[in-house]
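What follows is one structure encoded as structure tokens, with my remarks underneath.
Residues take their numbers from the sequence shown, with the count starting at 1. Remember, it's 1-based here, ligands and their atoms both numbered in the order they're listed.
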Amino acid sequence: MSRFSEPPDPAFDEINRSLDVDRRLWPYDVRQSRAHVRMLAAREIIPAADADAILAALDTVHAELAGDRFPFEESDEDIHMAIERRVTELAGPAGARMHTGRSRNDQVATDLVLYTREAAAETVLRIEGLMGALLEAAREGTGVTLPGYTHLQRAQPVFLAHHLLAYFWMLGRDRERFRFVEAQCSVLPLGAGALAGVNFDTNRRMVAEELGFEAVAPNSLDAVSNRDFVLDYISAAATCATHLSRLGAELVLWSSQEFGFVELPDAWTSGSSLMPQKKNPDAAELLRAKAPRVAGDLASLHGVIHALPLAYNKDLQEDKEYLFDAADTLALSLAAAQGMIEGATFDAERMAEAAADEMIAATDLADLLVTRGVPFREAHAAIAGLVRVATDSGRTLSELSDEELLAQSEHLDGQARELLRRESWTASKVSEGGTSPDRVAEQLEAAARLLG
Ligand code: ARG
């Protein structure tokens with residue numbers, strides 16, 4: 001018997017069904033059903049023979065889904081209903097006992113937390129893959145200098161290793177965020193029932209243990225309506241994707257003829273259908289463009305959850321599209337970033353040439369005056385004057401005469417000329433975390449230790 005006298009409107013069916021999105025939750029759904037049924041039998045809530053029949057049917061369902069030959073039907077609304085229908089077909093009347101003491105509300109929350117826990121663990125591995133590639137490229141780039149930029153204007157020279165390691169540390173923080181997500185996925189929702197708990201003396205801890213949870217959710221209402229772990233995953237993903245967009249943007253700039261700092265591997269670039277000379281950094285451009293999409297997933301899910309009354313509401317069905325999209329987008333972006341860094345050829349000469357721009361030593365000259373007792377603001381003005389004289393006359397700083405130097409400050413003597421030698425610019429950045437060779441070597445060691 002059904003409570004309804006009319007069949008669903010086709011459009012209702014379309015808006016209501018989620019099978020196309022949630023079918024990928026099947027491994028978690030089968031896993032939780034096994035644990036649930038074993039517990040029901042252990043507590044004598046269902047007969048042991050029925051549990052055996054259900055478990056055998058679940059094995060078949062598992063094989064069918066893994067082999068892509070599961071007989072889905074038009075009427076299957078979501079993956080949970082499809083699996084239950086099939087188990088009942090295979091196990092006969094025993095199958096109808098599988099859903100005892102369970103609601104789709106605690107069931108879907110459990111599938112989702114299992115999925116998110118695995119996705120977070122996989123993301124950690126992917127991040128580590130990229131961190132390893134950056135560390136390797138940094139090791140190879142220890143002696144190579146390039147201009148560091150602010151406002152995309154040449155600012156001060158840095159080592160390539162130093163520049164690449166900046167991304168390494170960003171990704172290290174991302175890794176921490178995904179470890180936090182994993183920790184947020186250690187509480188079992190199953191056993192909450194629809195919202196209030198169930199009318200059977202279940203053993204939630206037994207289920208938690210089988211499924212690898214550390215605890216059971218202490219409040220059934222919270223258990224079925226909690227999607228914080230999804231927000232946490234997408235939030236971490238949005239930050240990580242934003243980091244990758246910055247890396248992508250730099251690879252686009254650096255691989256342009258104007259910069260010429262890097263050549264990207266053929267495997268991660270494309271040609272032009274019209275212009276035979278082109279090698280386009282498509283994947284790096286897409287790292288830029290994919291990031292806002294993940295941020296959009298986060299904003300959308302906040303929109304879905306905000307102001308929802310307790311406990312389960314069908315709105316929550318929409319959580320999966322954003323979660324899967326964020327996880328898939330980030331996985332691809334991380335793979336692309338790793339592939340590009342592993343195959344990148346950095347042009348040390350082009351970089352060194354750009355970093356040889358003497359104007360880049362202006363701060364060092366100002367700091368020399370500071371060591372001679374000149375207040376920094378006055379020193380800054382004196383060197384700005386010097387830069388102006390050089391620029392106005394189309395000369396470099398070292399082409400200025402001793403008189404021209406001394407005219408700006410009595411302290412601009414022979415030692416100032418020494419400072420215009422390139423090696424001194426990086427060697428002098430001795431503060432912790434700075435770009436002097438010793439500090440960069442120290443940083444490389446710390447990075448290797450962090451990656452373990
Ligand atoms: N497909 C649903 C979802 O993803 C499963 C839960 C349905 N629960 C319900 N009470 N209708 O949220």
Nearest heavy-atom pair of H36 and T100: which atoms, and what distance?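 Closest heavy-atom pair between H36 and T100: NE2-O, 2.8 Å.
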Would you please indicate yes or no on a ring centroid separation below 6.0 angstrom for F72 and F70?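 Here the rings of F72 and F70 have centres that are less than 6.0 Å from each other.
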Is the Lys NZ or Arg CZ of R117 less than 6.0 Å from the centre of F213's six-membered ring, within 45° of the axis?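 Judged by the rule, R117 and F213 form a cation-pi pair.
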What's the verdict on side chain to side chain contact (heavy atoms under 4.5 Å, CB included) for K429 and D364, showing C-alpha distance, side-chain angles and the deciding distance? CA-CA 10 Å; K429 302 297 180 298; D364 300 74; 3.0 Å; yes
Can you list every protein residue that has a heavy atom under 4.0 Å from any atom of ligand 1, sorted by chain and residue number?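 Close residues (ligand 1, cut-off 4.0 Å): S18, D22, D78, H80, R104, N105, V108, Y312, Q317, K320.
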Any ion pair linking E176 and R173 (charged N to carboxylate O, less than 4.0 Å)?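 Between E176 and R173 there is no salt bridge, as every charged N stays at least 4.0 Å from the carboxylate O atoms.
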Hey, are R439 and E445 close enough for a salt bridge, meaning a charged N less than 4.0 Å from a carboxylate O?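 Salt bridge: no.
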